[in-house]
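Written below as structure tokens is the structure these notes are about.
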Amino acid sequence: MGNRTEHQAQENKQAQQAGAEEIAQMRDEMLRFAILQLRDATLAEDVVHEAIIAALAPGKYSGSGSLKSWVFAILRNKIIDVIRQRSRHPTELFVEDGADPDNQFKQNGHWKKTQKPSDWGAPEKILASEQFWLVFKICLNELPENTARVFMMREHLGLELKEICQELDISDSNAWVIMHRARMQLRKCLEIHYMQGKLL
Amino acid sequence: MMMPCKRATELMSQSQDRELTLNERLQLKFHLLICNGCARCDKQMKLMREAIKQLDKH
């Protein structure tokens with residue numbers, strides 16, 4: 001059972017030894033991600049705890065590369081293990097909550113003038129922009145919960161769509177629709193708030 | 001007949017999740033050659049995928 005205080009005490013002890021205060025700051029972000037994926041706060045507490053303990057185990061972190069990437073890579077693997085292992089018993093029906101991108105298109109299925117994607121320029125430039133990352137994270141958070149869950153399982157955990165369909169008990173075509181909606185919403189959010197610079 | 005842009009965006013999204021059929025690939029390729037809105041959208045979807053891979057670093 002997850003016991004937050006106990007967990008944190010143990011983590012703090014290890015963190016002191018490893019000299020990794022950064023972990024504490026990451027914990028909330030890790031927990032939010034784990035809860036989104038696992039839909040179980042107690043289980044999420046446990047995997048985050050395990051990931052932190054594993055990350056801080058003596059001699060594990062080589063010190064090259066960012067600590068955050070290292071810890072999140074471990075967390076992702078732990079979440080994937082749980083998803084793959086748990087005998088599925090969906091307690092709730094998966095409800096599609098993404099917005100239909102229909103309003104970006106005219107009746108004939110072509111882009112509305114106001115919705116047509118603009119030229120964003122070189123990808124390397126965008127990925128090097130602090131502002132882009134700020135907006136990108138906010139846009140990810142704006143995705144509806146169930147859409148975000150599928151999207152992050154696919155893109156962030158790197159699961160195959162087949163595995164996601166099994167875990168959530170949805171069909172292939174359902175999953176394609178959800179992924180399309182997620183990408184279209186994310187693109188539009190970036191277009192408006194990053195490219196056009198409209199305030200969030 | 002050129003496929004509608006909405007369909008093209010569905011195919012570019014699906015191409016990230018499954019293998020498109022030969023026919024779908026050709027139709028999409030043709031569409032992207034003549035529609036700059038969709039060509040940009042395709043690039044941007046690829047950029048978003050790359051960005052998520054790098055998300056942990058930011």
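Given the structure is predicted, the values throughout are model-derived calculations rather than measurements. Naming convention: chains lettered A, B, ... in sequence-line order (proteins, then strands); numbering from 1 in each chain.
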Quiz item: Do you know which of A:Gln115, A:Lys162, A:Arg154 has the most heavy-atom pairs under 4.5 Å to chain B?
Solution: A:Arg154

Exercise. Would you mind checking which part of B:Arg18 comes under 4.5 Å of any heavy atom in chain A, side chain (CB onward), backbone (N, CA, C, O), both or neither?
Key: side chain

Quiz prompt | Joint hydrophobic cluster, A:Trp111 plus B:Leu28, side-chain heavy atoms closer than 4.5 Å | solution = yes

Quiz item: Do A:Asp97 side-chain atoms and A:Thr147 backbone N/O form a donor-acceptor pair below 3.5 Å?
Solution: yes

Exercise. State the CG-CZ distance between B:Leu32 and B:Arg40, to the nearest 0.5 angstrom.
Key: 13.0 Å

Quiz item: If you count heavy-atom pairs under 4.5 Å between each of B:Cys5, B:Gly37, B:Cys41 and chain A, which one has the most?
Solution: B:Cys5

Quiz prompt | Geometric class of the A:Phe132/A:Tyr194 ring pair [parallel <30°, tilted 30-60°, perpendicular >60°] | solution = perpendicular

Exercise. Would you check if there is a donor-acceptor pair between the side chains of B:Asn36 and A:Lys116 at a distance under 3.5 Å?
Key: yes

Practice problem: Mind ranking B:Lys57, B:Arg7, B:Lys53, B:Gln16 by heavy-atom pairs under 4.5 Å with chain A and telling me who comes out on top? | Solution: B:Gln16

Exercise. Answer with yes or no after comparing the ring centroid distance for A:Phe136 and B:His58 against a 6.0 Å cut-off, counting only values under it.
Key: no

Quiz item: So which of A:Pro101, A:Ala73, A:Ser118 has the biggest tally of heavy-atom pairs under 4.5 Å with chain B?
Solution: A:Ser118

Self-check item: Portion of A:Met152 that has a non-hydrogen atom of chain B nearer than 4.5 angstrom
Solution: side chain

Quiz prompt | Among A:Leu36, A:Ile170, A:Val95, the one residue meeting side chain to side chain contact (heavy atoms under 4.5 Å, CB included) with A:Asn146 | solution = A:Val95

Quiz item: So does A:Arg39 pair up with A:Glu167, basic N to acidic O under 4.0 Å?
Solution: no

Exercise. Output yes when A:Arg32 and A:Asp28 qualify as a salt bridge under the 4.0 Å nitrogen-oxygen rule, no when they do not.
Key: no

Exercise. With a 4.5 angstrom heavy-atom cut-off, could you sort out which part of A:Asn108 is near chain B: side chain, backbone, both or neither?
Key: backbone

Exercise. With a 4.5 angstrom heavy-atom cut-off, could you sort out which part of A:Arg76 is near chain B: side chain, backbone, both or neither?
Key: side chain

Self-check item: Pairs of heavy atoms under 4.5 Å with chain B: top-ranked of A:Lys68, A:His110, A:Glu130
Solution: A:His110

Quiz item: Non-hydrogen atoms of chain B under 4.5 Å away: do they reach the side chain of A:Lys106, the backbone, both or neither?
Solution: neither

Quiz prompt | Most chain B-contacting option - heavy-atom pairs closer than 4.5 Å, from A:Met179, A:Glu29, A:Arg187 | solution = A:Arg187

Quiz prompt | Neighbour count above 12 (heavy atom, 6.0 Å) for B:Glu19 CD | solution = no

Practice problem: Using non-hydrogen atoms and a 4.5 Å limit, figure out which bit of A:Phe151 sits close to chain B: side chain, backbone, both or neither. | Solution: side chain

Self-check item: Segment of A:Leu161 engaging chain B (4.5 angstrom heavy-atom cut-off)
Solution: side chain

Self-check item: Which portion of A:Trp133 sits near chain B, non-hydrogen atoms under 4.5 angstrom
Solution: side chain

Quiz item: Which region of B:Met45, side chain (C-beta onward) or backbone (N, CA, C, O), has a non-hydrogen atom less than 4.5 Å from a non-hydrogen atom of chain A, or is it both or neither?
Solution: side chain

Practice problem: For chain B, find which of A:Lys137, A:Glu160, A:Gln104 contributes the most heavy-atom pairs closer than 4.5 angstrom. | Solution: A:Lys137

Exercise. Using a cut-off of under 4.5 Å on heavy-atom pairs, state which of B:Gln54, B:Met12, B:Glu50 scores highest against chain A.
Key: B:Gln54

Quiz item: Going only through I, L, V, M, F, W and Y residues with side-chain contacts under 4.5 Å, is there a path from A:Ile192 to A:Phe105?
Solution: no

